[in-house]
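Input: a single structure, listed below in structure tokens.
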Number of protein chains: 2
Amino acid sequence: MEDRCTITHQHPEAVERARRALPGELEVLELADRFQALADPSRLRILMALITGELCVCDLASVAGISPSATSHHLRYLRKARLVRSRRHGNVVYYRLACPILRGLLEKARECALPGMEVASLGK
Amino acid sequence: MEDRCTITHQHPEAVERARRALPGELEVLELADRFQALADPSRLRILMALITGELCVCDLASVAGISPSATSHHLRYLRKARLVRSRRHGNVVYYRLACPILRGLLEKARECALPGMEVASLGK
DNA sequence: AGAGTATATGAGCAACTGCTCATATAGTCA
DNA sequence: TGACTATATGAGCAGTTGCTCATATACTCT
């Protein structure tokens with residue numbers, strides 16, 4: 001009923017320990033943004049495709065199964081997040097991964113493949 | 001102008017290679033859901049707090065800096081995603097990490113700390 | 001049983017996301 | 001130069017997210 005626990009902390013020492021383990025405000029926001037970049041199926045496909053090597057927007061659209069326009073929007077997002085870099089060659093813009101650790105990160109996430117994790121209905 | 005590249009693929013062989021490297025539809029959705037669970041600052045704080053050990057809802061609310069109600073909603077989300085497990089002791093419900101790999105995953109993500117990554121304004 | 005505490009949950013709302021569509025920009029080639 | 005191609009970008013919309021508020025549930029203690 002009351003939306004504040006009457007006792008400030010149930011376990012002050014554990015809370016203090018946890019609080020010390022947390023990174024600063026800015027780093028938490030950066031981390032969340034980085035995960036947000038990976039939290040969309042289309043962006044995930046784009047990034048995984050780029051693990052195999054440089055690809056142009058049109059290629060990426062084809063691999064990810066979305067329109068070139070949507071692809072370009074996603075790439076702008078990823079560029080701002082500094083996860084990819086681009087290089088123009090004539091008419092065509094080639095994208096590549098900017099962060100080599102991404103590959104390991106994605107592999108790590110796939111390892112954590114929990115059987116029976118619920119899907120596509122997590123929100124709510 | 002045209003929203004489809006006239007040539008089906010600019011680089012058919014690269015596209016084919018990338019396509020083969022992608023996991024199946026279901027796994028991509030699962031992965032995206034897993035990253036979505038990590039893509040919120042409050043949930044991130046909750047999970048990082050739990051790395052230090054078991055904590056009750058009230059503790060977690062205090063550490064994450066959000067209301068117990070919001071905390072409970074997040075915990076339900078994380079429970080559905082099978083990232084945390086709970087244990088009731090009397091009046092108090094204790095949460096702990098369900099996936100030991102999470103810790104490594106979070107560390108990996110922090111490694112990828114790119115200097116100058118833009119924050120809090122990635123969307124749009 | 002009845003008051004009190006911790007947690008869970010549903011409704012609802014403001015903010016955000018990912019898409020499409022229209023249009024702009026940058027380059028190629030005749 | 002002008003037609004064409006690849007990519008970028010802004011507006012706008014439907015669906016989703018994360019919060020609060022009200023309420024429900026589960027337990028404790030007297």
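Each chain gets a letter, A, B and so on, in the order its sequence line appears, and its residues count up from 1.
With rounding to whole Å, B:Leu78 atom CG is found 16 Å from C:dT7 atom P. Rounded to an integer number of Å, the gap from CZ of B:Phe35 to P of D:dT17 is 17 Å. For the pair B:Lys80 NZ and D:dG18 P, the interatomic distance rounds to 14 Å; values are reported in whole Å.
With distances taken from any side-chain atom of B:Arg88 to the nucleotides C:dC19, D:dA8, D:dC27, the minimum falls on D:dC27. The side chain of B:Ser72 approaches C:dT9 more closely than any other nucleotide in the set D:dT7, D:dT20, C:dT9. The side chain of A:Val93 has D:dT7 as its nearest neighbour among D:dT20, D:dT7, C:dG18. With C:dT7, D:dG18, D:dA26 as the candidates, the nucleotide lying closest to the side chain of B:His74 is D:dG18. Closest to the B:Asn91 side chain, of the nucleotides D:dC19, D:dC27, D:dT7, is D:dC27. Closest to the A:Gln36 side chain, of the nucleotides C:dG18, D:dA6, D:dC19, is C:dG18.
Taking 4.0 angstrom as the limit, B:Tyr77 places none of its side-chain polar atoms (N or O) nearer than this to OP1 or OP2 of C:dA8. OP1 or OP2 of C:dT7 has not a single side-chain nitrogen or oxygen of B:Arg76 nearer than 4.0 Å. The phosphate of D:dG18 (OP1 or OP2) has a side-chain N or O of B:Arg43 nearer than 4.0 angstrom. For B:Tyr95, a side-chain nitrogen or oxygen approaches OP1 or OP2 of C:dA8 to under 4.0 Å.
Ring-centre distance between B:Tyr94 and A:His11: below the 6.0 Å cut-off.
A:Leu83 has its side chain out of reach of A:Leu97: every pair of non-hydrogen atoms, C-beta onward, lies at least 4.5 Å apart. Considering only heavy atoms from C-beta on, B:Val84 comes within 4.5 Å of B:Leu47 through its side chain.
With centres under 5.5 Å and a plane angle under 30° as the test, the ring of A:His73 is not stacked against the base of C:dC19.
Enclosure of atom CZ in A:Arg79 by more than 12 non-hydrogen atoms of other residues, nucleotides or ligands within 6.0 angstrom is indicated. Around atom CZ of B:Arg87, more than 12 heavy atoms belonging to other residues, nucleotides or ligands sit under 6.0 Å away.
Nearest-nucleotide assignment on DNA chain D puts the 5′-proximal partner with A:Arg79, out of A:Arg79 and B:Gly90. Comparing B:Tyr94 and A:Ser42 by the nucleotide of DNA chain C that holds the closest heavy atom to each, the one mapping nearer the 5' end is B:Tyr94.
Side chain A:Ser69 to base D:dT9: a donor-acceptor pair is found below 3.5 Å.
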